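Encoded as structure tokens, the structure appears first; notes follow it.
Remember, it's 1-based here, ligands and their atoms both numbered in the order they're listed. Please read these numbers as outputs of a predicted model, since none were measured by experiment. Start at 1 with the first residue, then count along the sequence.
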Amino acid sequence: MPAKAGIVVLEYWKNRHFLHSSNHHGNADIIMSNESGKQLAAEAALKYVDEDSIIGIGTGSTVNHFIDVLVAQKLRIKGAVSSSNATSERLKEKKIEIFDLNAVGSIDFYFDGADECDPHLRLIKGGGAALTREKIIAAASRRFICLVDESKQVGVLGRFPLPIEVVPIARSYVARQIVALGGHPVWRENVITDNGNAILDVHGLSIVDPVALETSLNQITGVVMVGLFARRPADVLIVGGSSGVKILP
Ligand code: 5RP
């Protein structure tokens, strides 16, 4: 039986810092500089926050910086639509009211991080297993503001294993279909998503046509959501790094 989602997801969050940093140099200094890049991106994102509005808020360490600076700067928002139980917990701690997307309708601005981004603002997301709700909120939002540190930038997506949320009973079936497409799926064992599903992390993909791949993966029966955000990319990408902040496009 998988362990309780919250505990295992927390372990995963700790370990994944090494996954991102080992893509580069894999030492503590790099982890620190990634953190300051995230912090810079989070601070720069505040200019997109309209006071008294309801905003969408994603999941992850970059978004946690964003929530913290939002509160520290005393920006008054009406509340937030949250993409995960983890983010909801943090919002509650900060006394930010949480709204149900169904009650809110469309949202003007959605703020979230990413595991990878390409020059066309297409993304890989789902490192924190929150991709399904993240993708729904991104779809329902007029503007998706994505905040990353510079280690997340790639020319071609696929260095970070692509997360796919699947209905548990379909896990092996979906994995076989992915192998047929040339990927190497690995079950993120002991992680259960907030929706009660499993995650497959697909290695070995060089994603030269992200829209086509997203479309074909979406067709596999049993797939709940694909962590490729290509059909609906970010609208604005804020990159924090050693030379400051870059805002794209
Ligand atoms: C969670 C996500 C996150 O946005 C992504 O994993 C980036 O996380 P971090 O900001 O901690 O680097 O997609 O499902």
| Test side-chain contact (heavy atoms from CB on, under 4.5 Å) applied to Val69 and Val71, step by step | CA-CA 5 Å; Val69 291; Val71 172; over 6 Å; no
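Between Gly126 and ligand 1, at least one pair of N/O atoms sits closer than 3.5 Å. Ligand 1 has an N or O atom lying under 3.5 Å from an N or O atom of Ala130, backbone or side chain.
When the heavy-atom distances from atom 7 (C) of ligand 1 to Ser61, Ala114, Gly60, Gly58 are ranked, the shortest goes to Ala114. The option with the heavy atom closest to atom 5 (C) of ligand 1, from among Ile199, Asn34, Thr62, Asp115, is Asp115.
For ligand 1, the atoms closer than 4.0 angstrom to any heavy atom of Glu134 are 1 (C), 2 (C), 13 (O), 14 (O). Interface atoms of ligand 1 facing Gly128, defined by a heavy-atom separation under 4.0 Å, are 1 (C), 6 (O), 14 (O). Applying the 4.0 Å criterion to heavy atoms of Gly113 picks out, from ligand 1, the atoms 4 (O). If you number the atoms of ligand 1 from 1 as listed, the ones under 4.0 Å from a heavy atom of Thr59 come out as 1 (C), 2 (C), 3 (C), 4 (O).
Note on ligand 1: Ala129 sits in its first shell, one or more heavy atoms being nearer than 4.0 Å.
Under a 3.5 Å cut-off, the side chain of Glu116 and the backbone N or O of Gly158 do form a donor-acceptor pair. When atom types are taken as modelled, the side chain of Ser83 and the backbone of Arg133 share no donor-acceptor pair closer than 3.5 angstrom. Side chain of Glu150 to backbone of Ser242: a donor-acceptor contact under 3.5 angstrom is found.
Taking a cutoff of 4.0 Å between a charged side-chain nitrogen and a carboxylate oxygen, Arg232 and Asp235 qualify as a salt bridge.
Of the candidates Phe144, Phe229, Tyr48, Tyr110 forms a ring pair (Phe, Tyr, Trp, His ring centres under 6.0 Å) with just one, namely Phe144.
Contacts with ligand 1 closer than 4.0 Å are made by side-chain heavy atoms of Asp112 only, the backbone lying farther away.
For Asp108, the side-chain hydrogen bond (donor to acceptor under 3.5 Å, both in side chains) partners two or more places apart in sequence, or in a different chain, are Arg142.
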